[in-house]
Amino acid sequence: MERVIIMAGKMKSPAKPKASSTKVQKAKKTEKKSNTAVYLNGNLMGFHPDGSSIAARMREKRRTNELNYETNIFHNSRTNELFINTDRGRVRKPYVVVEEGKSRLTPEILEKVRSGALSWEHLVKMGVIEYLDAEEEENSLIALNEEDITPDHTHFEVLPSTIFGVTASVLPYPEHNSAPRITMACSMAKQSLGLYAVNFNHRFDTRSYIMYYPQEPLVSTDLYKTLQLKKKAAGQNFVVAITAYEGYNMGDGTVVSRSAIDRGLGRAMMLKTYETEERLYPGGQKDKIEVPTPDVVGYRGEESYRFLDEDGIVYPESRVGGKDVIVGKTSPPRFLEEISVFGVVEEKKRESSLSLKSGEKGIIDSVMVTEAPSGNRLVKIKVRSPKIPEVGDKFASRHGQKGVIGLMLKQEDMPFTSDGISPDLILNPHAIPSRMTAGHLLETLGGKAAAVGGMLRDGTPFSGDTEDDYAELLKKNGFDEHGEEWLYDGITGKKIKVKLFIGPVYYQRLHHLVSNKMHVRSRGPVQMLTLQPTEGRAREGGLRFGEMERDCLIGYGASMVVRERLLEESDKTIQLVCNNCGMFAYHDYVKNKDVCPLCGTEDISPIEMSYAFKLLLGEIRSLFVFPRIVLRDKA
Amino acid sequence: MTKSSSKINPYSAVGILAAQSLGEPGTQMTMRTFHYAGVAEHVPTGLPRLIEIVDAKKVPKKPIVEIKLKKKHSTKEKDAAKLASEMESVLLPETAIIQENLAKGKIMIKLRKEEAKLLGVKMDMVKESVKKTIGANKLEARGDTLSIKLKAEKEKPLKDLRKITTKLQKALVKGVSGIKRAVVIKNKGEYFIRASGSNIKDIIKMENVEPSQVYTNNIIEIEKTFGIEAARNAIVREMHNVMELQGLAVDIRHILLLADAMTADGKVKPIGRHGLSGEKAGVMGRAAFEETIKHLVHASITAEDDHLTGVTENIIVGQTIPIGTGRIKLGMKAAKPKKKAKSKPKK
């Protein structure tokens with residue numbers, strides 16, 4: 001495998017142009033416009049009458065090892081500048097040098113490499129292979145294959161599949177897919193659950209997912225093997241059948257086998273770390289991690305603390321949920337209390353325990369008591385929540401084909417082949433033609449060939465196993481060469497009228513799990529200032545009924561619904577308003593009367609309004625403008 | 001559909017319905033524009049044109065006039081071409097060189113022979129145009145040159161000279177002012193003229209032009225020449241054209257309502273801050289739309305009342321909005337005081 005190298009850099013420039021053949025004149029005050037400006041690592045060194053020839057000569061010197069192979073030369077003919085770079089931080093990639101339409105990597109050299117007489121370093125020294133940086137690449141014409149070389153070419157790729165980056169190199173058969181789908185597949189691969197680190201048990205990441213039984217893909221690529229990604233696999237080989245199923249896999253839905261899930265398909269867990277610290281307050285006061293006693297301000301009741309050990313920290317493997325306290329903590333009061341006559345009263349403490357977020361549940365995986373950088377006692381608690389696939393969870397193949405579970409079907413209800421194989425996942429055929437992900441189909445075929453032939457398959461771009469390889473193998477083993485099979489309806493037992501395309505595909509479980517997103521509210525908390533419902537799932541908030549939604553109701557003439565959404569179910573309030581002066585009044589509980597603070601009358605009506613309006617009037621009053629509410633009986 | 005079944009229900013929010021019905025297709029409009037044959041490369045259609053209409057722009061980005069000829073001439077291409085060439089405006093600098101002679105206090109105008117011939121301009125036309133633009137100064141024609149001498153030489157001759165030259169730069173020698181290019185177009189055996197720039201007032205007066213068949217896309221000009229009802233029709237027509245060109249089906253009644261709202265008080269006014277929305281009755285309604293502070297401050301200074309007649313106002317306050325079901329009230333007629341025991345109860 002060849003390497004892409006990021007320069008460590010030579011601090012001292014090895015390429016200072018000294019040789020007489022490449023004499024560079026020192027910069028004069030006035031310089032001919034036709035002269036090329038020569039820069040070394042970005043600094044102007046001088047001028048030379050012919051930039052392109054100096055570039056060519058320097059490259060030749062690099063190939064004959066007179067110049068260090070880390071040097072890169074870029075001639076910008078448009079601005080007439082020549083850049084020589086020897087510094088650090090440049091990403092460089094090796095290419096085979098081509099001269100006059102002929103590769104420098106001749107069959108004789110290749111034979112010596114095969115026999116071990118020549119190594120990669122030799123090839124670089126010999127000028128057969130050279131590294132280009134991003135700038136010099138602009139001066140090159142690089143052929144993908146040796147056969148494509150024309151007299152104009154300057155290089156050709158060592159391996160065609162290296163035109164892809166790391167993420168794309170792991171996808172099988174990208175050359176059979178449309179480009180947008182490759183982009184999507186790359187971004188989705190980063191969201192897949194797997195075994196992200198083998199020491200996950202000892203780590204306290206704020207949030208992480210671990211898949212229970214990750215598998216190596218049946219069809220992978222050269223780079224996948226090189227990177228040894230099977231040691232950190234992120235996916236499983238699903239048996240996928242392509243057919244519509246009762247509308248449960250419409251619009252990127254998928255039907256998944258309930259039984260397969262029960263056997264561990266796609267199973268994962270979420271690990272979440274909670275932490276709290278015994279903080280120090282000015283005045284020498286300190287938090288204390290303990291089980292709060294009922295006299296603590298804000299005591300949550302015995303029930304909440306039931307999982308706490310004597311030291312105020314939960315014991316591992318307890319099943320917590322809801323708003324259960326996992327670390328009991330008390331803090332000193334926010335304001336200093338008065339000292340009574342009889343000396344210092346025992347200070348009241350404030351409850352400041354750490355509890356699980358509402359709606360979450362899990363098992364305490366591990367507890368760590370340590371020291372924060374500030375020197376305070378720090379408690380970290382890792383909660384493990386099993387995440388078994390459920391309706392709404394997202395899955396994706398490596399071809400940008402994503403979907404959510406729409407139905408989970410018991411194995412006995414799933415369609416099955418005459419061999420007794422039932423699919424793990426049923427993909428809708430409508431997902432294929434418009435997206436042009438032929439690679440997905442080829443992978444299915446490859447997966448099947450791998451399973452039938454008992455051998456992993458190669459889907460490396462431009463050089464992987466071909467459709468014909470698979471067809472032959474399948475045929476030899478008594479399968480349909482196109483991967484199609486007769487299936488029987490699991491419910492009726494009848495043979496499905498058409499052959500279905502079926503085979504194993506590597507599927508990834510993506511970390512968009514419904515259980516982390518699901519949110520409903522019928523009543524709940526409101527904001528302190530406006531009395532309107534809070535926003536966001538974390539705050540158990542409502543869903544905004546916005547301006548355009550409001551317009552729709554008005555357009556429909558549903559005034560009462562508008563009123564309900566915007567007032568009754570929001571910030572409705574009843575305020576006392578003076579009939580005489582239009583000022584807000586108050587209720588005097590001592591005299592049990594409504595009083596107007598402005599005119600003193602008792603002619604006051606309770607008025608229903610939105611709290612936001614009350615606030616608006618208050619703000620206007622704060623500007624020394626008096627808005628009056630003039631009341632009239634409803635006509 | 002019967003007439004009564006096509007009537008809208010009482011207290012329906014027709015404004016919102018129209019706004020939504022026009023606004024939603026607006027989001028789908030492509031920025032692709034269609035071309036008028038010949039004239040002006042790029043006449044805005046689609047969303048930009050829609051915005052132009054709704055904003056009641058004084059002059060559209062690319063004004064266009066379409067002119068039909070009188071019946072007997074309409075089938076003759078020659079007549080149409082003649083009219084078109086008569087229409088195209090030619091300014092003085094296009095046919096003549098204007099030279100100032102500061103020392104003598106004179107302006108010399110020299111005919112550019114080739115250009116003049118091409119444009120069909122003759123010396124006396126130039127003379128006429130110069131006379132028109134600068135009035136009673138001394139003119140002296142000699143062959144191809146025309147010299148102007150200032151009337152009162154003592155009065156700041158230099159400044160006046162400059163003033164006159166700038167005036168002359170824009171002097172119209174020939175054609176209708178404002179019309180840049182006119183093209184003859186054939187349609188079903190009839191010839192008509194499409195020209196860029198618009199000046200209906202002058203075009204109507206031209207010979208061979210059928211005055212009832214002149215159309216411009218400049219709505220404000222239509223308002224000025226033909227009145228507010230014509231402007232309303234122009235709004236409807238222009239809007240409908242835009243929607244149709246984009247292949248979007250919008251019920252004409254929504255457009256009619258919009259045009260009515262824009263022209264209701266006798267002058268074309270835009271939708272938005274400077275027009276319709278800016279003239280809403282309630283302070284709070286206006287403040288809720290745009291320039292909140294401006295409206296609140298103004299209301300505070302003038303002690304403005306808000307009678308809570310609009311939709312927005314009532315939502316702010318937290319009342320049922322006076323539209324649709326919120327407008328219907330159930331009333332009961334109080335029974336008349338019984339005069340006699342015999343009188344029957346009503347209904």
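A, B, ... follow the sequence lines: proteins, then strands. Residue 1 opens every chain.
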query: Do other residues, nucleotides or ligands put more than 12 heavy atoms under 6.0 Å from the OH atom of A/Tyr556?
result: no
message: Under a 4.5 Å cutoff for heavy-atom pairs, which residue among B/Gly318, B/Ala303, B/Ala299, B/Pro322 has the most contacts with chain A?
response: B/Gly318
task: Measure B/Val311 against the heavy atoms of chain A and call it side chain, backbone, both or neither at under 4.5 Å.
output: side chain
query: Under a 4.5 Å heavy-atom cut-off, does chain B meet the side chain of A/Arg550, its backbone, both or neither?
result: side chain
field: CZ/A/Arg521: more than 12 non-hydrogen atoms of other groups inside 6.0 Å
entry: yes
query: Sub-3.5 Å donor-acceptor pair from the side chain of A/Ser610 to the main-chain atoms of B/Ile316, do we have one?
result: yes
- prompt: For A/Ala612, is it the side chain, the backbone, both or neither that has a heavy atom under 4.5 Å from a heavy atom of chain B?
  reply: neither
Per-residue contact mode, B/Ser12 against chain A (heavy atom under 4.5 angstrom): neither
query: Just wondering, more than 12 heavy atoms not from B/His298 lying within 6.0 Å of its NE2?
result: no
message: How about NE2 on A/His430, more than 12 heavy atoms from neighbouring residues, nucleotides or ligands closer than 6.0 Å, or not?
response: no
query: If you take all heavy atoms of B/Ala13 and A/Gly555, which pair is closest and at what distance?
result: CB-CA, 4.1 Å
- request: Show the numbers, then the answer: is there a side-chain contact (heavy atoms from CB on, under 4.5 Å) between A/Phe613 and B/Met284?
  value: CA-CA 11 Å; A/Phe613 181 58; B/Met284 287 191 288; 3.8 Å; yes
statement: Of B/Thr312, B/Ile323, B/Leu17, the one forming a side-chain contact (heavy atoms from CB on, under 4.5 Å) with A/Ile554 is B/Ile323
Over 12 non-hydrogen atoms of neighbours within 6.0 angstrom of CZ in B/Phe226: yes
Short side-chain to backbone donor-acceptor contact, B/Thr325 and A/Ser559, under 3.5 Å: yes
query: Taking it one step at a time, do A/Arg563 and B/Ile321 satisfy side-chain contact (heavy atoms from CB on, under 4.5 Å)?
result: CA-CA 8 Å; A/Arg563 190 188 144 99; B/Ile321 52 170; over 6 Å; no
